[in-house]
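These notes are about the structure you will find just below.
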There are 2 protein chains.
Amino acid sequence: MFVSFKIYYLYHVKRTQNIEVAVDAIVFGYSKEEGVSILLIKRKYDPFKGSWAIPGGFVLDHESLEEAVERELQEETGVKISYLEQLYTFGKPDRDPRTRILSIAYFGLVKSNQFEKLKATTDAEDAAWFNFKRLPKLAFDHKMILNVAIERLRGKIIYQPIGFELLDKKFPFSDLEHLYSTLLDRPIDRRNFKKKVMSFGILDELDEKAKSNGAGRPGNLFQFNKTTYNRLLKNGMHFEI
Amino acid sequence: MFVSFKIYYLYHVKRTQNIEVAVDAIVFGYSKEEGVSILLIKRKYDPFKGSWAIPGGFVLDHESLEEAVERELQEETGVKISYLEQLYTFGKPDRDPRTRILSIAYFGLVKSNQFEKLKATTDAEDAAWFNFKRLPKLAFDHKMILNVAIERLRGKIIYQPIGFELLDKKFPFSDLEHLYSTLLDRPIDRRNFKKKVMSFGILDELDEKAKSNGAGRPGNLFQFNKTTYNRLLKNGMHFEI
DNA sequence: CCTATTTGTGTATTTTTAACACAAAGGTAA
DNA sequence: TTACCTTTGTGTTAAAAATACACAAATAGG
């Protein structure tokens, strides 16, 4: 009788709910050759063993959601991100076949240099980048989550200068142009685009020339100036491509 | 021994986490007299007993997050919303003094006619509207949550026609103008504003005149045409004030 | 019927966006 | 070393959109 009460207490009073809390991280990377890509892991365990999935995992009791994201990403892929923001919380009761799992999805960007570095570790058989237009079949409701993430990235680069988080610290202007063109899926007029971007005054043009990558006239390298950006932002500047 | 195992199983295997899941609803209402207002409840129990707070509560195992929001709103305030979208998930480990509570905040709008109707029920001693610029002291981290919600509403009415969800089905044009002016906190040129809004073709001008509210020339009533809006949206129309 | 209040309406100016083409720099291969 | 290929850099003009601005007409109330 006492035992039953104890179990009842733990199960129904202290824990009235049966919902587990997880985070997922949709991480975008970019290179001129590979285009915009998303980081996925191959699931090592059931359900969906062997399927590709968005990296993520359960939140520990003491850590913040952002800490959970960075820990899981480190464990599963070894990747360090340069930009992170919350995307959306997916909470349908039956989105996981085992038990109810609530997932707070985050949306991350990695710099071009991190793009190649990938380390497969314990939790995942494999981790790899997939071009965002050629994604494999995905576990759970991850396909839908990715669509939300892609829409968010697409919408966001228009009115916030987060595209720079996908490039190296120093980059040729054409990389930025190519990134926007790929993501927005439309051609971009080089002159008009440059005119507009430079008009914000948040890009420093360096004296260094970009490396020669085969053929073509080498261009100057540029660098995003976050300090200037923040200052201008305070003064009411409005970034919009 | 068997008993310990059972408890261990329930507590540590089936339930490795100690996080409770709640939803909160930031509900906006509007009337020309009262301006943009937010629906709050007075807490009946500790912690923060007697403080004003955002309505919300724990998610039941079987219900979706949206269902939880609507149920809690019904229980606590009796208000029915006309627009609901997810706002943000607040997950800091210590945001509630009792135990870790994750809150998925939603953002809702009610039509002007619902604005007055308020019913205080069991869970809250009281429920009331507060002008969004004159908010009382709030429980938990609710102040911060409200700020996020206000920013979201402000940002959103610019590029999505959700302002109509705050008005009656039929409204005089000046109501819309006043709503935008209040929310964006800047004067609006009546002629330019009307020119732009009407250019989208999503407002039907009715033959009825608005009631006389004291003095002034009565104007026509207008009505948001959602069907037309959805059709135009598909054809690539871009709403932006 | 006079006054106060609110609605309705058009044009001119400025600003922003969009369209558009050719010369210069370097790499590579003949 | 030269000819060719690829890529970068640059300015003007036309069209579209945003902004600034003022007065007459309709009603309510005194």
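In this text, all values refer to a predicted model and were calculated from it rather than measured experimentally. Every chain is numbered from 1 and lettered A, B, ... according to where its sequence line falls, protein lines coming before strand lines.
B:F173 and B:F222 have perpendicular rings, their planes meeting at more than 60° on a 0 to 90° scale where under 30° would count as parallel. Relative ring orientation between A:Y180 and A:F193 is described as tilted, the plane-to-plane angle lying within the 30° to 60° band.
One atom, CZ of B:F193, and another, P of C:dT7, lie 13 Å apart when rounded to the nearest Å. Rounded to a whole Å, the CD1 atom of A:I241 is 13 Å from the C1' atom of C:dT17. To the nearest angstrom, C1' of C:dT17 lies 19 Å from CE of A:M198. Following rounding to the nearest Å, B:K209 (NZ) and C:dT6 (P) show an atom-to-atom distance of 17 Å. Rounded to whole Å, atom P of C:dT6 lies 19 Å from atom CZ of B:F171. C:dG8 atom P lies 13 Å from atom CG of B:L176, rounded to whole Å. When rounded to the nearest whole Å, the span between NZ of A:K195 and P of D:dT10 equals 13 Å. The CG-C1' distance, from B:N220 to C:dT6, rounds to 14 Å in whole Å.
Between B:P172 and B:D189, the residue whose closest nucleotide on DNA chain C is further toward the 5' end is B:P172. The 5' end of DNA chain C is approached more closely, in terms of each residue's nearest nucleotide, by B:R217 than by the other of B:R191 and B:R217.
When each of A:Y83, A:F239, A:F164 is tested with A:F224 by the rule ring pair (Phe, Tyr, Trp, His ring centres under 6.0 Å), just one qualifies, namely A:F164.
Residue B:K196 places none of its side-chain N or O atoms closer than 4.0 Å to OP1 or OP2 of D:dA17. Close to C:dT6, at under 4.0 Å from its OP1 or OP2, lies no side-chain N or O of B:S174.
If you check C:dT9, C:dT7, D:dC21 against the side chain of B:K194, the one that comes closest is C:dT9. Considering only the side chain of A:A215, D:dT6 comes nearest among D:dT6, C:dT11, C:dA19.
Taking only distance into account, the side chain of B:K32 never meets the base of C:dT6 through a donor-acceptor pair shorter than 3.5 Å. A donor and an acceptor atom sit less than 3.5 Å apart, one in the side chain of B:R190 and one in the base of C:dG8.
Donor-acceptor pairing under 3.5 Å is recorded for the side chains of A:Y106 and A:E66. Side chains of B:D24 and B:S103: a donor on one and an acceptor on the other come within 3.5 Å.
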